[in-house]
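Encoded as structure tokens, the structure appears first; notes follow it.
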2 protein chains.
Amino acid sequence: MTTEEKILLAAKKSFFEKGYDGAKMQDIANDAGINKAMLHYYFRSKELLYEKVNMSFAKVIIPQINSLVDTELNIFQTIENFVEIYLEFLQKNPDLPSYFIGEMNRNHDMFFKVLSENATQPNFVAFAQKIYSAIEQKEIRPVNPIQLILNIISLCIFPYLAAPMLQYATQSDDTFIGEIIANRKKEITSFILHSLTNQNDVLYEN
Amino acid sequence: MTTEEKILLAAKKSFFEKGYDGAKMQDIANDAGINKAMLHYYFRSKELLYEKVNMSFAKVIIPQINSLVDTELNIFQTIENFVEIYLEFLQKNPDLPSYFIGEMNRNHDMFFKVLSENATQPNFVAFAQKIYSAIEQKEIRPVNPIQLILNIISLCIFPYLAAPMLQYATQSDDTFIGEIIANRKKEITSFILHSLTNQNDVLYEN
DNA sequence: AAACGGTTTAACCAAATGGTTAACAAATAT
DNA sequence: ATATTTGTTAACCATTTGGTTAAACCGTTT
């Protein structure tokens, strides 16, 4: 592994764990097993290093998230597919959501700078289209597509954000939380599809 | 307003905006319009100040969240009620979720220390019970109560966490996002109740 | 083997940061 | 009125932190 790679790896770890402010250059150098001056030799400043770190994994991650809906599947398969790929991705990157949320709120400008330089926009339009026509075909009940997409993503991501809280609230061990997360795919899909295929008016709704 | 109150207010603002590491004692003092030494005079250290700040609003907020299910309502009303109160609370404290998530993940130990010293556990058991009996009465389809509660909370909180992202993804203005959030109550309630009252097997589910 | 380029290090620097101190002002008690 | 406690300030201190520098190292070229 080259020095540059060692730095990026250690830096990513530090920024993930502690955020931009909490991460210290000396710690990153120690963790990479090199002299602190190397950080500046390769990346000039903490800010540039932070940018490079985010760039390097944004390039890998964003396309994965965005290429979810370009399929020939019907609405039900599309949703199932979306949930499955999303959750698989999250299982591989369980600490990504809290990093994203944290940095997005605390470090707004740089976050969106990095995002805009890498992001092919997610193909939500195609997804929304598919929802529209499914409603027209009466395959699903009428819903606002944006709200539906927001619902789906909420159900997928939130448990990863709230995992420590969930553990605290249920006062249980890791195993139990792991089980909940493992069952999530089935639960979410079922939850959504039940909701969408129920054409009846619902009691107590206003 | 006493000096102590001025400090707590400025400190809360700083910690909320920048997190523990990002917040600086000098900034807090400036913002409160007092000398930096006062911070230490009243609160001894940054860590103690942070703890006090969190304590002071945890005391107010936690009971609000926890006292949601002690009612004589049926399952549908309970869920509607829960969503309504939850969303109302969030509308009043829109930046609380990202602060919570951020500090919970970065400052794990202190977060739960503060929580455990204040928390009357939320009454999820009562909620789960109500879900159980509703299933027995065949008022709703069979679901895992914990998963259902997790779903409900996900749907309520996540949009607040993702608001900047949502704005970016939809490339729209504040008004549009505000509209989405405003429609959330109806959307979430409808989404959940449709899902729960659909007793049919669902297509494409495995 | 001497010169050269990129790489790496130890030592150093200035600014920022959390925290302290000693003197001073303003209440409060005697 | 005066002593005493409480509140407040400016100046100061030690450490941390991001960043720099000059010298050393090392493989390659000449």
Side-chain angles (χ1 to χ4, degrees), chain A residues 1-57 99 102-111 113-114, chain B residues 1-57 99 102-111 113-114:
Chain A
M1 195 161 40
T2 70
T3 302
E4 198 172 332
E5 288 169 332
K6 276 194 264 179
I7 294 172
L8 282 171
L9 201 74
K12 184 186 165 184
K13 195 183 150 209
S14 264
F15 286 134
F16 258 66
E17 278 173 17
K18 313 188 182 177
Y20 180 80
D21 293 314
K24 304 300 167 195
M25 295 297 262
Q26 189 60 62
D27 293 343
I28 294 173
N30 293 149
D31 197 51
I34 48 139
N35 188 287
K36 182 165 67 88
M38 289 281 83
L39 302 182
H40 296 95
Y41 178 74
Y42 282 101
F43 300 96
R44 287 230 351 236
S45 71
K46 187 184 183 182
E47 214 170 302
L48 266 324
L49 174 57
Y50 179 72
E51 210 177 309
K52 270 282 163 58
V53 165
N54 287 328
M55 286 289 184
S56 75
F57 76 80
Y99 177 69
E103 300 304 292
M104 178 169 66
N105 284 288
R106 292 219 205 305
N107 221 318
H108 197 274
D109 294 341
M110 187 172 304
F111 183 86
K113 185 186 169 201
V114 170
Chain B
M1 193 159 43
T2 69
T3 302
E4 199 172 332
E5 288 170 332
K6 276 193 261 178
I7 294 172
L8 282 171
L9 201 74
K12 183 186 166 183
K13 194 182 151 212
S14 263
F15 286 134
F16 257 66
E17 278 174 17
K18 313 188 183 178
Y20 180 79
D21 292 313
K24 304 299 167 197
M25 296 296 265
Q26 188 61 61
D27 294 343
I28 295 172
N30 293 151
D31 197 52
I34 49 143
N35 188 286
K36 182 164 67 88
M38 289 281 83
L39 303 182
H40 296 95
Y41 178 75
Y42 281 102
F43 300 97
R44 283 232 354 235
S45 71
K46 188 183 183 184
E47 214 170 305
L48 266 324
L49 174 57
Y50 179 71
E51 211 177 308
K52 270 283 162 57
V53 166
N54 286 328
M55 286 289 185
S56 74
F57 75 80
Y99 177 68
E103 300 304 290
M104 178 169 65
N105 284 288
R106 293 220 205 302
N107 224 318
H108 197 274
D109 294 342
M110 188 172 303
F111 183 86
K113 184 187 169 197
V114 170

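Hydrogens, waters and symmetry mates are skipped; everything else that's a heavy atom, side chains included, is used. In what follows, chains are A, B, ... by sequence order, proteins preceding strands, each numbered from 1.
For the pair B:Lys113 and B:Glu103, the salt-bridge criterion is not met [side-chain N within less than 4.0 Å of a carboxylate O]. No salt bridge links A:Lys18 with B:Asp21; every basic N to acidic carboxylate O contact stays at or beyond 4.0 Å.
Taking atom CZ of residue B:Phe43 and atom P of nucleotide D:dG7, one finds them 12 Å apart after rounding to whole Å. At whole-Å resolution of the value, OH in A:Tyr20 and P in D:dG18 are 8 Å apart. The distance between atom OH of A:Tyr41 and atom C1' of D:dC25, rounded to the nearest whole Å, is 13 Å. Protein atom CE of A:Met38 is 13 Å distant from nucleotide atom C1' of D:dC26, rounded to whole Å. Rounded to a whole Å, the CD atom of A:Glu47 is 8 Å from the P atom of D:dG19. Summarising the geometry, the separation between CD1 on B:Ile28 and C1' on C:dT17 is reported as 12 Å, rounded to the nearest angstrom. Taking atom CD of B:Glu4 as the reference point, atom P of D:dT6 lies 14 Å away to the nearest angstrom. The distance from atom CG of A:Asp21 to atom C1' of D:dT16 is 15 Å, rounded to the nearest whole Å.
Distance from the side chain of B:Asn35 is smallest for D:dT9 among the nucleotides D:dT9, C:dG18, D:dT20. If you check C:dT7, C:dT17, D:dT9 against the side chain of B:Lys24, the one that comes closest is C:dT17.
Side-chain rings of A:Phe15 and A:Phe57 stay apart, their centers remaining 6.0 Å or farther from each other.
Side-chain nitrogen and oxygen atoms of A:His40 include none within less than 4.0 Å of the OP1 or OP2 phosphate oxygen of D:dT20. OP1 or OP2 of D:dT8 lies within a sub-4.0 Å distance of a side-chain N or O belonging to B:Thr3.
Surrounding CD of A:Glu47 are at most 12 heavy atoms belonging to other residues, nucleotides or ligands under 6.0 Å away.
The aromatic rings of B:Phe16 and B:Tyr99 sit parallel to each other, their planes meeting at less than 30°, with 60° as the upper class boundary.
For B:Lys36 and C:dG19, a side-chain-to-base donor-acceptor distance below 3.5 Å is present, hydrogens and geometry of angles not being considered.
If you check every strand for non-hydrogen atoms under 4.0 Å, A:Ala23 touches sugar and phosphate atoms only.
Remark on DNA chain D: of its neighbouring residues A:Asp27 and B:Ala37, the 5'-side contact belongs to B:Ala37, judged by nearest-heavy-atom nucleotide.
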